[in-house]
K.L.:
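Below is the structure I would like to discuss, written out as structure tokens.
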Protein chains: 2
Amino acid sequence: MPRPTGRVLTLLELLQSGGTRTVAELADRLGVDGRTVRRYVDQLIDLDVPVESVRGRYGGYRLAPGYRLPPLMLSDDEALAVLLGLIAGRRTGLTTDRTASETASAKIRRVLPRHVARRLDTLLAALAFTDQPGEFDTPDAGVLLTIADAVRHLRPVSIRYTDREGRRSERTLHPYGVVAHAGRWYVTGEDAQLGEDRTFRLDRIDDARTLPGSFAAPAGPDPAQRVVSGFATAEYRHEVTLRIHGTVAQIRARLPETVASLEEHEPATERWRRVEVRAERLDWVPPVLAALDRPFVVERPDELRDLVVAFADRLTSSARGERGSAGRP
Amino acid sequence: MPRPTGRVLTLLELLQSGGTRTVAELADRLGVDGRTVRRYVDQLIDLDVPVESVRGRYGGYRLAPGYRLPPLMLSDDEALAVLLGLIAGRRTGLTTDRTASETASAKIRRVLPRHVARRLDTLLAALAFTDQPGEFDTPDAGVLLTIADAVRHLRPVSIRYTDREGRRSERTLHPYGVVAHAGRWYVTGEDAQLGEDRTFRLDRIDDARTLPGSFAAPAGPDPAQRVVSGFATAEYRHEVTLRIHGTVAQIRARLPETVASLEEHEPATERWRRVEVRAERLDWVPPVLAALDRPFVVERPDELRDLVVAFADRLTSSARGERGSAGRP
DNA sequence: AAATAGTGGACAGAATCGGTCCGGTATTAG
DNA sequence: CTAATACCGGACCGATTCTGTCCACTATTT
């Protein structure tokens with residue numbers, strides 16, 4: 001029998017896992033009097049948890065949309081579904097805010113009970129995305145969370161950093177933003193000691209902790225993006241240019257932001273759009289194009305045209321039951 | 001200046017959003033003494049929140065994996081990413097437990113602040129999944145959550161049900177399981193008054209509430225599945241039989257449980273597997289098969305072979321730049 | 001009209017809370 | 001090896017909060 005704090009939290013959990021519940025039932029489950037349950041409800045409301053009451057017969061308490069999100073109590077299975085979903089979202093490009101997806105993932109992963117973590121690992125191992133483009137290494141959860149939090153609340157952080165030559169240093173940073181680029185995560189911001197903008201690779205940061213106080217929001221349009229734009233002229237083996245007929249959503253479903261850039265004018269109408277893809281390898285492109293199931297034109301490279309034709313031939317052979325030529329190269 | 005409950009929750013939030021934090025910092029943020037912070041930490045530990053301490057210089061408190069999942073405090077953006085992820089997971093078939101995915105989604109949706117809900121709706125509307133197979137209607141959040149919770153904890157529920165003829169009735173049910181089938185959600189269980197197994201459509205249940213007490217777990221292998229197997233001989237237009245070479249995960253990535261049944265022996269090895277798909281239409285099958293990028297054989301129907309060949313021809317034409325024949329039918 | 005359910009004030013004893021003080025232990029830098 | 005940094009947790013005690021009880025009131029549904 002926990003303290004009041006615990007009981008209030010248990011009440012929240014009960015409300016979250018069901019529809020409408022009567023005071024009597026809640027009181028029974030919590031082992032307190034009905035009057036106390038009502039007092040707990042008042043407390044939850046004070047905490048901005050949107051508890052709604054329904055009076056009269058078939059009445060009770062239930063949760064409703066509110067002003068801010070209350071703490072969520074998920075079961076193991078639900079947490080697993082959420083993590084898999086976040087991965088799926090990143091892979092399909094449905095996710096619009098990569099950082100939010102990563103931080104959410106990190107928050108859950110960090111407290112995931114071991115037996116659930118094991119299930120997750122098994123599933124992921126079995127997946128073995130050998131043929132998916134643009135899978136990113138996830139950075140250290142603690143560092144990412146601390147810095148993402150600092151960015152949001154404009155708080156300075158102290159980081160321990162190891163540079164390319166293996167030199168360790170401790171710096172105070174005013175972080176502007178966190179960006180994923182080419183499979184790596186970076187934080188950009190002002191080095192408070194040097195007084196100039198710098199970019200650090202997250203995987204080179206051993207430890208990060210927020211410092212008291214806060215800094216002024218940087219002026220100008222999205223400095224994080226500005227700093228990272230230095231990467232824009234990256235070195236990829238293949239530069240693919242396509243024209244695809246469809247809506248932005250249709251195209252993004254298979255070619256997420258991390259791999260393709262796309263004209264996004266009139267996103268909801270079907271029209272021809274120029275799509276540019278940078279890739280180390282081309283072999284994953286034909287199946288993705290096929291899955292799109294939209295009319296397309298390969299502008300370059302010619303090599304890709306041949307790959308698509310070869311891929312289509314394999315499909316035809318399979319369909320005709322010519323098993324000998326059905327295997328992959 | 002909230003009550004202790006609120007402060008404990010704030011502490012949890014602080015721990016969840018960052019790496020290691022010292023007592024001093026936490027005390028400062030919470031506006032209480034350091035000793036009190038330590039007492040709060042004790043409380044969190046009592047609540048099964050796995051707070052870990054690191055002693056010595058650079059020490060502090062942080063979260064660690066524990067035995068059960070603590071309440072999660074997500075930001076708006078993170079909640080949005082999670083919901084989109086859950087949808088993506090369902091669409092791609094990465095999700096293994098559909099019910100968990102739905103209940104997680106319902107839990108979040110129900111408390112989602114309106115301004116976030118609006119963002120979500122906008123995104124979803126823009127998506128307009130015209131060409132995806134097997135999109136399910138989501139049932140009423142309250143009813144689904146209540147019943148899923150009752151299934152897990154073996155609690156009887158009282159439901160208000162409207163049957164096919166529009167007759168309303170109130171029943172006491174011992175729910176065995178929740179199943180999604182052919183675009184609808186069902187709960188199966190024993191009707192406590194009648195003493196026999198019944199299946200109810202979730203969308204026909206107006207209200208559900210858990211009753212005190214609990215019932216004995218039903219004997220025998222997965223009664224939910226057994227009852228639903230009555231649906232097995234459903235009336236679909238096309239029965240597709242394929243053989244696909246690959247691991248279960250590879251195949252499930254494009255052919256989720258909701259559309260295909262699959263031999264799951266030796267799931268992690270690449271081998272030929274029989275895959276059965278039931279569908280109203282066949283036109284979505286070729287792109288899905290192509291996206292799989294695995295060797296396959298179409299056993300039946302012959303019509304599908306022709307469709308795949310036609311699809312491959314379209315691909316080839318596109319690749320060769322013959323725009324005239326590149327359009328969809 | 002009856003039954004079901006939430007609302008909220010008042011009261012008093014019990015329990016909790018939170019600040020202060022303090023001697024202890026673990027870890028790391030130098 | 002030592003100093004500095006942090007966590008650890010017992011003891012004490014006044015102030016505050018919590019909880020159960022009792023009760024009259026309102027809203028809904030059948």
Side-chain angles (χ1 to χ4, degrees), chain A residues 1-11 14-15 18-47 50-64 158 160 168-170 206-207 209-212, chain B residues 1-11 14-15 18-47 50-64 158 160 162 167-170 206-207 209-212:
Chain A
M1 57 195 70
R3 303 161 198 286
T5 306
R7 267 173 269 145
V8 173
L9 239 49
T10 310
L11 171 60
L14 286 173
L15 289 175
T20 311
R21 291 188 135 95
T22 66
V23 168
E25 187 197 340
L26 295 168
D28 180 53
R29 294 260 203 127
L30 296 177
V32 295
D33 191 85
R35 182 68 238 260
T36 302
V37 169
R38 266 178 269 133
R39 284 193 267 246
Y40 285 172
V41 168
D42 290 345
Q43 279 205 46
L44 286 179
I45 289 171
D46 278 356
L47 293 171
V51 185
E52 208 177 59
S53 72
V54 182
R55 299 177 71 150
R57 209 173 177 186
Y58 297 111
Y61 287 114
R62 69 159 98 110
L63 289 186
S158 161
R160 289 199 286 169
R168 288 157 138 237
S169 58
E170 188 149 352
D206 303 309
D207 193 34
R209 51 177 62 220
T210 51
L211 299 173
Chain B
M1 62 209 73
R3 301 160 196 286
T5 308
R7 266 172 271 145
V8 171
L9 232 49
T10 310
L11 171 60
L14 286 172
L15 289 174
T20 310
R21 294 187 133 98
T22 66
V23 169
E25 187 197 340
L26 295 169
D28 181 51
R29 292 262 201 123
L30 296 178
V32 295
D33 191 83
R35 182 66 238 260
T36 301
V37 169
R38 265 177 271 134
R39 281 195 267 248
Y40 285 173
V41 168
D42 289 345
Q43 283 207 40
L44 285 179
I45 290 171
D46 278 356
L47 293 170
V51 184
E52 204 177 61
S53 71
V54 182
R55 299 177 71 149
R57 213 177 174 184
Y58 299 110
Y61 286 113
R62 69 159 95 109
L63 289 185
S158 161
R160 289 201 285 169
T162 310
R167 282 183 305 239
R168 287 156 138 239
S169 57
E170 187 148 353
D206 303 309
D207 193 33
R209 52 177 60 220
T210 51
L211 299 172

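Proteins come first, then strands; the chains are lettered A, B, ... in the order of their sequence lines, and each starts at number 1. Note that these values count all heavy atoms, side chains included, but never hydrogens, waters or copies made by symmetry.
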K.L.:
In chain order, what residues pass the side chain to side chain contact (heavy atoms under 4.5 Å, CB included) check against A:Arg29, with sequence neighbours excluded?
P.N.:
A:Leu14, A:Arg21, A:Glu25, B:Arg155, B:Thr210
K.L.:
Search all heavy atoms of B:Pro50 against all heavy atoms of B:Ala64 and return the closest pair with its distance.
P.N.:
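Looking at all heavy atoms of both residues, the shortest contact is CG-O, 2.7 Å.
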K.L.:
Using a 4.0 Å cut-off to any heavy atom of chain A, which nucleotides of DNA chain C are the first and last in contact, reading 5' to 3'?
P.N.:
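It runs C:dT4 to C:dC17.
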K.L.:
Under 3.5 Å, side-chain donor or acceptor atoms of residues 32-45 of chain A against the rest of the protein: list the pairs with distances, not counting sequence neighbours.
P.N.:
from, atom 1, to, atom 2, distance (Å)
A:Asp33, OD2, A:Arg35, N, 2.9
A:Tyr40, OH, A:Arg7, NH1, 3.0
A:Gln43, OE1, B:Thr5, OG1, 3.1

K.L.:
Kindly write out the residues that satisfy salt bridge (Lys or Arg N to Asp or Glu O under 4.0 Å) with B:Arg209, not counting sequence neighbours, or none if the list is empty.
P.N.:
none
K.L.:
May I ask you to evaluate whether A:Gln43 reaches the phosphate of D:dC18, defined as a side-chain N or O under 4.0 Å from OP1 or OP2?
P.N.:
yes
K.L.:
Could you pick out which residue, A:Tyr40 or B:Asp42, lies toward the 5' side of DNA chain D when each is mapped onto its nearest nucleotide?
P.N.:
B:Asp42
K.L.:
Return the minimal non-hydrogen interatomic distance between B:Tyr61 and B:Leu15, and the atom names on each side.
P.N.:
O-CD2, 3.8 Å
K.L.:
Rounded to the nearest angstrom, tell me the gap between atom CG in A:Leu30 and atom P in D:dT19.
P.N.:
10 Å
K.L.:
What residues form a side-chain hydrogen bond (donor to acceptor under 3.5 Å, both in side chains) with B:Asp46, not counting sequence neighbours?
P.N.:
none
K.L.:
Which parts of nucleotides 21-30 of chain D does protein reach within less than 4.0 Å, heavy atoms only, written one letter per nucleotide 5' to 3' as B for base, S for sugar-phosphate only and - for none?
P.N.:
B----BBBSS
K.L.:
Give the angle between the helix axes at the two ends of the helix from C:dA1-D:dT30 to C:dG30-D:dC1, taking five base pairs at each end and rounding to 10°.
P.N.:
70°
K.L.:
Whole-Å distance between D:dG9 C1' and B:Ile45 CD1?
P.N.:
13 Å
K.L.:
B:Asp28 has an atom CG; how far is it from atom C1' of D:dA6, in whole Å?
P.N.:
16 Å
K.L.:
Please tell me which of the listed nucleotides, D:dC7, D:dC18, D:dC8, lies nearest to the side chain of B:Val23?
P.N.:
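Comparing D:dC7, D:dC18, D:dC8 against the side chain of B:Val23, the answer is D:dC7.
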K.L.:
Residues in salt bridge (Lys or Arg N to Asp or Glu O under 4.0 Å) with A:Glu170, at least two apart?
P.N.:
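If we apply the salt bridge (Lys or Arg N to Asp or Glu O under 4.0 Å) test to A:Glu170, skipping adjacent residues, there are no hits.
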